[in-house]
Engineer: 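The structure under discussion is supplied below as structure tokens; questions concerning it will follow.
Heads up: numbering here begins at 1 and tracks the sequence. No hydrogens, no waters, no symmetry mates; every other heavy atom, side chains included, goes into these values. Computed from a predicted structure; not experimentally measured.
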Amino acid sequence: REARLKAELAYVYPEIDPDTWHPVELLLRQVAAMLYGDPAKGSVISGERLLRDDHFDFRGQSPRPEGLPTEASRLSDSGADPRRTRPRSR
């Protein structure tokens, strides 16, 4: 899965090139490092997710961890413990 910073928000993330698609894992590390270095940016950068949908475009897919509901697109959407399997329907 990849993400690209929206050009109009480049001023918020000066370390990230908005013209390039980046692996999500790399961007997560960069944004976390930015927050660690300047906690005041927390209210601007972070929301429910570290990479905000209104700040980044996304493309591609990544494999689902075993045991998560297939209808949930992200770990934080599932509310499931990935170490447990889904309960069977009756």
Engineer: Minimum heavy-atom separation for Pro18 to Ala10, with atom names?
Structural biologist: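 Distance-wise, the nearest heavy atoms are CG-CB, 3.9 Å.
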Engineer: Please tell me if the side chains of Leu50 and Leu27 come closer than 4.5 Å, counting only heavy atoms from C-beta onward.
Structural biologist: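 With C-beta onward as the side chain, the pair stays apart.
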Engineer: What distance separates Arg1 CZ from His22 NE2, expressed to the nearest 0.5 Å?
Structural biologist: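 Result: 15.0 Å between the selected atoms.
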Engineer: If we only count heavy atoms from C-beta on, is the Met34 to Tyr13 side-chain gap below 4.5 Å?
Structural biologist: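 A side-chain contact under 4.5 Å exists here.
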Engineer: Got a sec, which residues hit side-chain hydrogen bond (donor to acceptor under 3.5 Å, both in side chains) with Asp17, two or more places apart in sequence or on another chain?
Structural biologist: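 Result, side-chain hydrogen bond (donor to acceptor under 3.5 Å, both in side chains) vs Asp17: Thr20.
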Engineer: First locate atom NZ of Lys6, then atom CZ of Phe56, and finally report the distance between them rounded to the nearest 0.5 Å.
Structural biologist: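 Taking NZ in Lys6 and CZ in Phe56, the distance rounds to 10.0 Å.
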Engineer: Within the structure provided, determine whether Asp57 and Trp21 are in side-chain contact (heavy-atom separation under 4.5 Å).
Structural biologist: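 Yes. Closest side-chain heavy atoms under 4.5 Å.
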Engineer: Contact between Glu2 and Phe58 at the side-chain level, heavy atoms closer than 4.5 Å - yes or no?
Structural biologist: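 They are not in contact (no side-chain heavy atoms under 4.5 Å apart), so the answer is no.
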Engineer: Among residues at least two apart in sequence or on other chains, which ones pass salt bridge (charged side-chain N to carboxylate O under 4.0 Å, His left out) with Asp54?
Structural biologist: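 By the salt bridge (charged side-chain N to carboxylate O under 4.0 Å, His left out) rule, Asp54 matches Arg52.
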Engineer: How would you list, by chain and number, every residue that makes a side-chain hydrogen bond (donor to acceptor under 3.5 Å, both in side chains) with Gln30, sequence neighbours excluded?
Structural biologist: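 Gln30 satisfies side-chain hydrogen bond (donor to acceptor under 3.5 Å, both in side chains) with no other residue.
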